Amino acid sequence: MLLFSLGIFLGLAARASSLDNGLLKTPPMGWVPWERFRCNTDCKNDPNNCISEHLIKAMADRLAGDGWKQLGYEYVNLDDCWAADKRDAQGRLQPNPQRFPSGIKALADYVHSKGLKFGIYSDMGRMTCAGYPGTTLDTIETDAKTFAAWGVDMLKLDGCFSNSSIKALGYPKMSVALNKTGRPIAFSCSWPAYEGGLPPKVNYTLLGKTCNLWRNFADIEDSWDSLFHIIEWYGKHQDTLQPAAGPGRWNDPDTLIIGDFGLSYEQSKVQVALWAVLAAPFFMSCNLRTISAEARDILQNPLLIYINQDSLGIQGKRVTKSHYFEVWKRPLINGQFAIAIMNNGTDGTPRPFVTTLGLLGILDCKAGYKIYDVLDKLFMGAYKLNDTISTKVTPTGVILFFLRPLC
Ligand code: GLA
């Protein structure tokens, strides 16, 4: 009897403390300002690019008007630098009045009127990373209620200006407070990024019960070096990171920087291919008003998005790594696979890569597989397990294959 009661107690306790909000069964997709627009608050001299309701509305217009929304890019989020320097007389966060004159509720309403979702940013600490008021242990419930009243659909909670013990209390407390509002609010936690991203300091089981997604490594910047550094960290620590991901709980290697200034066309393909194989959030951070047709074509590739959004939600893994090549593999629903072959060499010439399905460890369907080159939009043909697959991969480039079994 005692054991039975204890079981019930533990069961209830687990339920009360777990996130269990039913959200983000596939990785979230959308747009966030941070990597591209940073903390630009100079609306006087740069009215079109400063962090303001004008910018957010403009991006919502583009998401809804240029075919993004239909493909699944549905969140338009704020990041840092939206808040006023002080809380209001009731102790609530409030937006900067010059840059958000209509208030956040009206902005969320506008985003919703376009059929999109709206996300906001705060920080589990005294101040946000850019120095605006943060969420302290005392204000968690107020802030959760404020966000819910505004119609927020996602909260990113950063981790500057606090310590490990405050974060260990604060993130689970916010998770419960968000659930208590009764409004479905997806919860993005930067918690592990501030604890080195690895056990024993990071408990990925607890994270999966507390947050829907989490940043666990360095901020992405607009360069190949930054992108490659993140990919390598994900590869090196995949045995820890891979099991943590699944429907409703995602590793977040940070935003897509395609359409910005730093990546070549081939390097842009590397980021989407790897992010699709990693089941990573597809949050763009670029200027959707001026994005090139080339970048847009990469980001709007339906087969690429199909892979990213696979309902099994299994994060892919790096299966081989040699001097030049890395092969990454993600199992998908119905015996399908995605394979990314990346050439990380920088020596200027496309390099031949010859393999077979069998060598790639794809052995389930003896009849073979149809192979599609996702990013070049080509059907390669049907291959038996021992047939030679011969391709060339450009330096700092990738080939992304989609495999459909013939069984
Ligand atoms: C941290 C986060 C970034 C961004 C900035 C904002 O660096 O990791 O993603 O939110 O803060 O100041």
Side-chain angles (χ1 to χ4, degrees), residues 21-24 28-34 37 39-41 43 47-65 68-69 73-124 127-128 130-136 138-158 173-189 212 283 285 288:
N21 60 9
L23 298 172
L24 305 192
M29 300 174 67
W31 179 90
V32 291
W34 180 256
F37 294 93
C39 195
N40 178 354
T41 54
C43 292
N48 285 326
N49 299 302
C50 62
I51 302 303
S52 65
E53 62 182 44
H54 171 66
L55 180 72
I56 299 300
K57 284 177 163 180
M59 294 304 153
D61 292 347
R62 298 278 52 85
L63 283 177
W68 301 101
K69 182 178 84 171
Y73 292 94
E74 59 174 352
Y75 284 95
V76 48
N77 293 357
L78 279 168
D79 204 276
D80 206 345
C81 307
W82 63 269
D85 294 339
K86 288 203 161 42
R87 288 174 175 263
D88 72 7
Q90 281 85 46
R92 293 173 304 199
L93 289 169
Q94 55 182 343
N96 175 287
Q98 279 78 44
R99 293 182 285 114
F100 295 88
S102 319
I104 302 295
K105 170 88 174 72
L107 183 56
D109 287 349
Y110 183 85
V111 169
H112 292 147
S113 77
K114 298 271 161 184
L116 299 164
K117 293 183 171 147
F118 177 72
I120 206 161
Y121 166 102
S122 190
D123 183 286
M124 190 62 250
M127 289 190 290
T128 70
Y132 292 84
T135 297
T136 59
D138 301 336
T139 59
I140 286 176
E141 304 232 322
T142 308
D143 293 354
K145 282 185 197 151
T146 305
F147 298 146
W150 285 343
V152 162
D153 304 298
M154 180 183 296
L155 168 66
K156 168 175 166 182
L157 195 59
D158 212 338
K173 193 171 172 194
M174 178 57 93
S175 181
V176 172
L178 290 174
N179 266 5
K180 266 213 293 208
T181 66
R183 183 175 174 85
I185 300 177
F187 189 27
S188 164
C189 302
N212 293 114
F283 281 126
S285 190
L288 295 174

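Predicted model, so just to flag it, every value in this text is computed and none were measured.
Looking at Met59 and Phe37, their side chains come closer than 4.5 Å, going by heavy atoms from C-beta outward. Between Ile56 and Tyr110, the closest side-chain pair of non-hydrogen atoms is not below 4.5 Å. Counting heavy atoms from C-beta outward, Asn40 and Cys50 have side chains that approach closer than 4.5 Å. Looking at Pro28 and Met154, their side chains come closer than 4.5 Å, going by heavy atoms from C-beta outward.
The shortest non-hydrogen separation linking Gly151 to Ala108 is O-CB, 4.1 Å. Across all non-hydrogen atoms, the minimal contact from Val76 to Ala60 is CG1-CB, 4.3 Å. Shortest non-hydrogen contact noted between Ala84 and Pro97 is CB-CD, 4.4 Å. The shortest non-hydrogen separation linking Pro33 to Asn77 is CD-O, 2.9 Å. Residues Gly134 and Ser122 approach most closely at C-OG, 4.2 Å, considering heavy atoms. Taking both residues in full, the closest heavy atoms of Ala186 and Leu24 are given as CB-CD1, 3.9 Å, listed atom of the first, atom of the second, then distance.
When atom types are taken as modelled, the side chain of Thr135 and the backbone of Met124 share no donor-acceptor pair closer than 3.5 angstrom. Judged by distance alone, the side chain of Arg183 and the main-chain N or O of Ala149 form no donor-acceptor pair under 3.5 Å. Put simply, the side chain of Asn212 gets close to the backbone of Phe187: a donor and an acceptor are under 3.5 Å apart.
The line from CD1 of Ile185 to CG of Asn21 is 9.5 Å long, rounded to the nearest 0.5 Å. Summarising the geometry, atom CD1 belonging to Ile104 is positioned 5.0 Å from atom CD1 belonging to Ile120; distances are rounded to the nearest 0.5 Å. Atoms CE and CG, on Met127 and Asp158 in that order, are 12.5 Å from each other to the nearest 0.5 Å. Taking OH of Tyr121 as the reference point, atom CG of Asp80 lies at 3.5 Å (rounded to 0.5 Å). Atoms OG and CG, on Ser188 and Leu157 in that order, are 8.5 Å from each other to the nearest 0.5 Å. Atom-to-atom distance recorded for Leu107:CG and His54:NE2 is 12.5 Å, nearest 0.5 angstrom.
Residues satisfying the side-chain contact (heavy atoms from CB on, under 4.5 Å) test with Lys117, not counting sequence neighbours, are Glu74, Tyr75, Asp153. The ring-ring contact (aromatic ring centres under 6.0 Å, His included) test applied to Tyr73 returns Trp68, not counting sequence neighbours. For Asn49, the side-chain hydrogen bond (donor to acceptor under 3.5 Å, both in side chains) partners are Asp46, Arg289, not counting sequence neighbours. Residues passing the ring-ring contact (aromatic ring centres under 6.0 Å, His included) test with Trp31: none are found, sequence neighbours excluded. Not counting sequence neighbours, the partners of Lys114 by the salt bridge (charged side-chain N to carboxylate O under 4.0 Å, His left out) test are Asp61. Considering only residues two or more places apart in sequence or on other chains, Asp85 meets the side-chain hydrogen bond (donor to acceptor under 3.5 Å, both in side chains) condition with none of them. Taking Ala106 as the reference, Ser102 meet the side-chain contact (heavy atoms from CB on, under 4.5 Å) condition, with sequence neighbours excluded. Listed by chain and number, the residues in a side-chain hydrogen bond (donor to acceptor under 3.5 Å, both in side chains) with Thr146 amount to none (sequence neighbours excluded). Every side-chain hydrogen bond (donor to acceptor under 3.5 Å, both in side chains) that Thr136 has, sequence neighbours left out, goes to Thr139. Judged as a side-chain contact (heavy atoms from CB on, under 4.5 Å), and not counting sequence neighbours, the contacts of Cys39 are Trp34, Thr41, Cys81, Ala130, Tyr132.
Residue pairs meeting the salt bridge (Lys or Arg N to Asp or Glu O under 4.0 Å) criterion with at least one member in residues 89-99, sequence neighbours excluded, are Asp88-Arg92. Screening residues 80-104 for ring-ring contact (aromatic ring centres under 6.0 Å, His included), with sequence neighbours left out, gives Trp82-Trp150.
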